[in-house]
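Some notes on the structure that comes next.
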Protein chains: 2
Amino acid sequence: MSRTKARAALLRELEEAMRRSSAQGVLYGQTVANVAGIANSDLECMDILYLEGRVTAGRLAEVTGLTTGAITGVVDRLEKAGLVRRERDEKDRRKVFISVVPETAMKIGQLYVPMQQAMEKVFGAYSDEELRLLLRFATEGYKGVLAATEALKGLLDTPPEKRPDLKLKKLRR
Amino acid sequence: MSRTKARAALLRELEEAMRRSSAQGVLYGQTVANVAGIANSDLECMDILYLEGRVTAGRLAEVTGLTTGAITGVVDRLEKAGLVRRERDEKDRRKVFISVVPETAMKIGQLYVPMQQAMEKVFGAYSDEELRLLLRFATEGYKGVLAATEALKGLLDTPPEKRPDLKLKKLRR
DNA sequence: GCTAAATCTCTTAGTGACTAAGATATATAT
DNA sequence: ATATATATCTTAGTCACTAAGAGATTTAGC
């Protein structure tokens with residue numbers, strides 16, 4: 001097999017492996033939401049709050065791709081569950097900051113323990129240098145996926161009749 | 001900083017980077033479903049069909065975690081859109097095999113092009129050997145996540161009063 | 001072979017999270 | 001001041017989901 005062919009095969013394998021593991025990651029998240037008894041989007045928002053800290057409702061809508069109306073519902077449910085708190089911005093009283101309630105949110109965090117343990121075990125097999133390679137990849141991969149998402153969204157904004165036609169026999173009503 | 005402390009920091013960074021990129025991956029998928037005009041679960045099933053080939057409705061339910069009733073709806077919609085075909089198993093006539101219609105499904109595949117291009121660009125910066133490391137990691141990572149999911153599900157099956165209590169103030173309803 | 005139990009998909013009724021559109025409240029610009 | 005913009009919430013309606021069970025077929029026990 002030629003060198004470039006071997007590489008192409010490697011890339012295909014890699015792509016599939018990543019697809020599989022990311023699909024399984026989605027399933028893990030679904031299971032967490034299930035066990036916690038909250039909706040999927042609710043958990044996603046908890047995750048964003050964990051990563052970004054105190055953010056506005058609008059920012060949550062932006063990042064999740066949900067409407068602001070949907071976010072109102074998400075925050076209502078999370079607030080009722082005692083997982084987050086609403087705080088009006090004193091500088092700009094239109095804004096509502098959402099922040100996690102650490103004591104309660106911790107309990108959700110517990111559900112990630114099996115995942116963390118599994119990852120610890122996997123990571124254990126790698127040297128520091130190898131881990132740095134993985135970190136570099138994850139960081140660049142994130143940027144790549146972000147850019148790809150933007151590119152795809154751009155496609156959404158071009159008028160439907162000018163898009164690379166899908167001709168899907170009128171999906172959805 | 002001690003060596004083990006440096007490694008711990010590295011692991012934390014790595015975990016967060018993976019979390020971010022996988023979250024972004026989820027968003028990419030949502031966008032694909034959006035542009036294609038199909039539901040999220042519908043796309044997830046297309047993905048499974050692509051990876052596993054011809055599978056039964058029951059298997060789809062198993063893998064996605066949806067009820068068989070929900071799968072009936074998914075397959076109805078996908079079939080109407082011309083993306084998949086139902087075929088009764090001639091050996092066991094209770095079973096229904098679902099398989100993609102390649103010509104139509106290709107059009108969905110197109111929506112992954114931006115992602116593939118982004119990944120190609122990222123992968124381009126790595127040597128064959130480095131890619132093999134990434135492949136090894138993705139493969140082992142998949143197994144780890146799968147095991148973690150099972151562990152978490154096991155938790156779901158233990159009677160609620162015996163679970164590490166979440167005490168989430170009666171979520172839902 | 002025949003009946004009972006098991007297995008697989010589909011149907012039905014009901015529910016919860018979503019969107020679109022617009023209401024409300026506050027901030028900014030002219 | 002008034003108009004426009006921004007940020008969140010409200011409302012009505014829709015869609016995909018679950019739970020439960022029906023229908024069709026296969027498997028097991030006798």
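Only a predicted model underlies this, so the values are computations on that prediction, with no experimental measurement involved. Residue numbering restarts at 1 for every chain, and letters A, B, ... go by the order of the sequence lines.
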5' priority, DNA chain C, between A:Lys91 and B:Asp76 [closest heavy atom]
B:Asp76
Mapping B:Ala57 and A:Leu66 to their closest nucleotides on DNA chain C, which lands nearer the 5' end?
B:Ala57
Within the 4.5 Å heavy-atom criterion, are B:Val55 and B:Leu49 side-chain neighbours or not?
yes
In whole angstrom, give the distance that lies between atom [atom1] of [X] and atom [atom2] of [N].
X: A:Ile71; N: D:dT11; atom1: CD1; atom2: P; result: 19 Å
X: B:Asp92; N: D:dG23; atom1: CG; atom2: P; result: 20 Å
X: A:Asp42; N: C:dC18; atom1: CG; atom2: P; result: 7 Å
X: A:Lys80; N: C:dA17; atom1: NZ; atom2: P; result: 10 Å
X: B:Leu78; N: D:dA16; atom1: CG; atom2: P; result: 11 Å
X: B:Arg88; N: C:dT9; atom1: CZ; atom2: C1'; result: 7 Å
X: A:Arg77; N: D:dC9; atom1: CZ; atom2: C1'; result: 14 Å
X: A:Leu60; N: D:dC9; atom1: CG; atom2: C1'; result: 15 Å

Ignoring hydrogens and angles, are the base of [N] and the side chain of [X] linked by a donor-acceptor pair under 3.5 Å?
X: B:Thr56; N: C:dC8; answer: no
X: A:Ser41; N: C:dC18; answer: no
X: B:Arg94; N: C:dT7; answer: yes

Sequence neighbours excluded - side-chain hydrogen bond (donor to acceptor under 3.5 Å, both in side chains) pairs with any residue from residues 142-151 of chain A:
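Qualifying pairs: A:Thr149-B:Gln24.
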Parallel under 30°, tilted from 30 to 60°, perpendicular over 60°: which one fits the rings of B:Phe123 and A:Phe137?
parallel
When you measure from the side-chain N and O atoms of B:Arg93 to the phosphate of D:dT26, is any distance below 4.0 Å, counting only OP1 and OP2?
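It does not, given that no N or O in the side chain of B:Arg93 lies less than 4.0 Å from OP1 or OP2 of D:dT26.
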What is the nucleic acid contact for [X], judged by heavy atoms within less than 4.0 Å: base, sugar-phosphate only, or nothing?
X: A:Ala70; value: base
X: B:Gly69; value: base
X: B:Arg59; value: nothing

Choosing from C:dC18, C:dT9, D:dA19, which nucleotide comes nearest the side chain of B:Thr67?
D:dA19
What pairs with A:Glu120 under salt bridge (charged side-chain N to carboxylate O under 4.0 Å, His left out), at least two apart in sequence or on another chain?
none
Using 0.5 Å steps for rounding, measure from the CD atom of A:Glu52 to the CG atom of A:Leu60.
8.5 Å
